[in-house]
Amino acid sequence: MGKAETKREKFSAPIFNSRIRSENVEGKEKWLGYLLGPCGALLFNALLATYLNIYYTDVLGLSTLGGGLFLVIFPILSKILDACTNILFGYLIDRTKTKQGKARPWLLFSAPLLALSGILLFIVPSQNPIVEAVWVAFSYNLYYSLSFTIYSMSHNLMVPLSTRNINQRGGLAVFNNIASVMMSGIVVALIFPTFIYPHLGGSAHMWLLVMSIFSLLALPLTFVEYYNTKERITLEGESTAPKKIPFRLQLKAVFTDRYMILLLVYFLLYTLTSSLKNMALPYYCNYILGTYSDGKTQTLVSVLGGIPMGIGIFAVWPLAKRFGKKNVTAYGFLIYALGSLICYLFPRNLPVVLAGQFIKNIGGLPCAYVFMALFADALDHLEWKNGFRCDGTAMSIYSVIITAAAGLVTGIFNGCLSATGYIAPQTTSTQPALTDAMQKILSNSDGTFTAIFNQPDSVNNLFIFFFVGLEVFAGILYFFLLQGVDVEKTLSRKQAVIREREKKEILASGKEYFTPEERARQQQKEQDERAEMYFEKELKERCEKKGLDYNAELEKHLSSVKQNQEKLEAKKKAQEEKEAANEKKKQEKLLAKEAKLTPEQKAKREEKEKKKQAKLDALWEKQEAKGELVYQRRKQELLSYSEKEALKEKNA
């Protein structure tokens with residue numbers, strides 16, 4: 001048995017099988033695999049993005065360590081290791097071949113790591129500053145460079161690998177981002193600052209207890225995500241001979257593609273600016289709009305300003321379908337910049353800031369919910385252009401951006417705090433006297449007291465710029481940057497070419513060709529038969545042990561299986577009938593609308609459609625010619641690589 005087959009067998013046991021059986025994306029997969037499942041890991045990571053630096057500066061007092069240099073240098077240096085692990089796991093994912101896919105097994109692997117490393121972030125020994133600094137650096141890298149890197153890369157690949165159906169993929173992207181934007185936002189923006197943060201104060205023990213609870217949530221919920229997702233696109237390549245793609249060639253494919261470069265540059269800048277805003281949020285609310293940990297200011301800013309992120313969820317995808325994912329995202333950023341400008345002009349006026357945040361987040365809806373679907377389109381485009389997929393490689397670069405930006409932002413933010421003269425809270429065992437230099441004195445649950453100081457104007461201006469000023473300029477920049485990303489216009493034609501190439505390759509090898517949907521059904525049938533075999537074996541052992549009639553118990557089981565199958569078939573039939581009825585209704589509506597048009601209006605409409613189609617045909621003709629040149633060049637490069645590998649094996 002070869003190494004590749006051995007790896008596949010490791011995840012072939014029924015216990016590892018996905019609970020998703022359908023060839024099409026259905027409700028269970030959306031709600032459990034893409035909404036509920038990711039909530040644990042993404043919620044905890046969102047809490048860290050907003051509050052970990054508060055823990056470092058205000059609880060551990062690390063803002064003064066090394067003259068303030070520790071919190072500037074260590075996060076940036078940590079990202080060198082982080083970048084290496086991201087590239088490594090991108091390489092490993094692209095070369096992982098199991099019955100469960102190439103990304104899903106890594107989800108399973110990441111679950112216990114996330115829970116453990118999240119707790120270790122807050123178990124910081126306080127014997128001396130050196131030990132404290134070493135532990136902080138170790139736990140920070142264990143979480144960001146290993147645990148969350150593995151989870152983030154495999155999680156973010158699930159939408160691109162789930163299906164080629166553009167509408168189903170878009171729906172998954174929306175649900176996937178509800179988990180990170182809305183569900184985690186409810187806790188980070190509402191529950192945590194209102195009911196939890198005011199009680200933490202400067203008590204390290206309380207921070208450890210609360211954060212450990214949130215960290216442990218990632219374990220069961222990541223299992224939910226694993227068992228309720230399915231890699232349909234990975235399944236497509238199982239019928240063809242596996243290709244060994246050099247990593248350097250995958251990197252070349254990514255970094256020579258205009259669409260991918262524009263999307264990665266956009267994402268880098270967006271991550272930097274939004275991370276700075278998130279990090280500045282509690283400081284801005286503590287010192288500019290309200291008082292320190294008052295339990296209401298941050299909640300108002302996050303919740304009332306973020307209402308559009310909730311009410312606009314299901315409006316985003318219909319708009320994206322009608323006007324295009326790129327268009328709604330780009331024009332949304334103009335609204336985004338306008339809302340930020342309103343806040344920047346009146347940064348200390350709470351009602352105006354809330355109104356500005358509301359407007360800003362209306363514009364931010366598309367970038368929050370649609371980006372991953374646009375990224376998935378770019379991955380399909382890369383496959384059409386190069387003849388091979390670059391999912392792990394592209395996602396490793398995407399993940400490097402996320403993690404590197406986090407370290408860079410932490411370093412920049414803390415460097416600016418140190419340079420402008422930030423005065424960190426001071427915790428003492430006895431209650432100090434309140435002076436004019438102090439904002440308030442907090443009484444902690446462990447019997448200690450924390451003095452909160454007023455900040456200099458230079459520090460307050462820094463919080464204002466990072467939270468509301470920076471995004472005015474960023475929104476305008478993103479609008480222009482996204483104008484060149486028109487990848488979705490010809491995507492359906494490119495996907496048809498990919499299918500045709502695969503079909504030719506299979507037929508040329510003498511094998512019988514089956515569509516991906518047919519192969520998915522066959523694989524599910526094999527998994528069901530294998531699971532049934534295991535069950536009957538276990539049932540027989542259990543009956544012998546308990547003295548039960550095996551044939552009678554087996555008959556009960558088979559009857560139950562038959563009933564479940566009938567229910568599934570009835571449900572599938574009902575769904576097909578519903579879709580057919582909806583399509584019929586849609587067509588009737590279109591015909592009724594067309595019947596109302598005058599001959600002149602019909603002629604004008606037809607002329608407009610012809611021009612639109614001609615423009616699209618011209619774009620496709622241009623892309624097809626360039627894409628074919630790249631495709632042939634990659635074939636030659638792969639052939640040359642295969643010949644070299646064969647020669648090495650022969651000499652060995």
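FYI, the numbering just counts along the sequence from 1.
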Determine, step by step, whether Glu471 and Lys360 satisfy the salt bridge (Lys or Arg N to Asp or Glu O under 4.0 Å) criterion, reporting the C-alpha distance in whole Å, the side-chain angles of both residues, the deciding distance to 0.1 Å, and the verdict.
-> CA-CA 9 Å; Glu471 293 188 326; Lys360 189 202 83 166; 3.0 Å; yes

Any donor-acceptor pair under 3.5 Å linking the side chain of Gln439 with the backbone of Asn286?
-> yes

Heavy-atom side-chain contact between Leu350 and Leu300 under 4.5 Å | yes

Name of the residue among Arg232, Arg19, Lys230 meeting salt bridge (charged side-chain N to carboxylate O under 4.0 Å, His left out) with Glu29 | Arg232

Do Ser418 side-chain atoms and Leu69 backbone N/O form a donor-acceptor pair below 3.5 Å?
-> no

Anything under 30° is parallel, anything over 60° is perpendicular, the rest tilted; go ahead and classify Tyr398 against Phe267.
-> parallel

Report the relative orientation of the aromatic rings in Tyr140 and Tyr56; use parallel for angles under 30°, tilted for 30 to 60°, perpendicular for over 60°.
-> tilted

Does Phe453 have any ring-ring contact (aromatic ring centres under 6.0 Å, His included) partners at least two apart in sequence or in another chain, and if so, which?
-> none

By ring-ring contact (aromatic ring centres under 6.0 Å, His included) - contacts of Tyr266 (at least two apart) = Tyr270, Phe333, Phe371, Tyr478

Identify the residue among Thr410, Asn278, Asn414 that makes a side-chain hydrogen bond (donor to acceptor under 3.5 Å, both in side chains) with Asn53.
-> Asn414

Within the side chain of Ser110, is there an N or O that forms a donor-acceptor pair under 3.5 Å with the backbone of Ile150?
-> no

Expected output: side-chain Ser154 to main-chain Tyr151 donor-acceptor under 3.5 Å | yes

Roughly how far, to the nearest 0.5 Å, is the CG atom of Leu263 from the CZ atom of Phe375?
-> 7.5 Å

Ser162 side-chain N/O to Val159 backbone N/O, donor-acceptor pair under 3.5 Å = yes

Between Tyr422 and Tyr283, what is the ring plane arrangement, given parallel below 30°, perpendicular above 60°, and tilted in between?
-> perpendicular

ring-ring contact (aromatic ring centres under 6.0 Å, His included) filter on Phe223, not counting sequence neighbours, yields none

Mind telling me whether Phe192 and Tyr51 have parallel, tilted or perpendicular rings, with 30° and 60° as the class edges?
-> tilted

Mark yes or no for whether Thr98, through its side chain, and Gly101, through its backbone, hold a donor-acceptor pair below 3.5 Å.
-> yes

Side-chain donor or acceptor of Asn156 paired with backbone N/O of Ser152 under 3.5 Å = yes

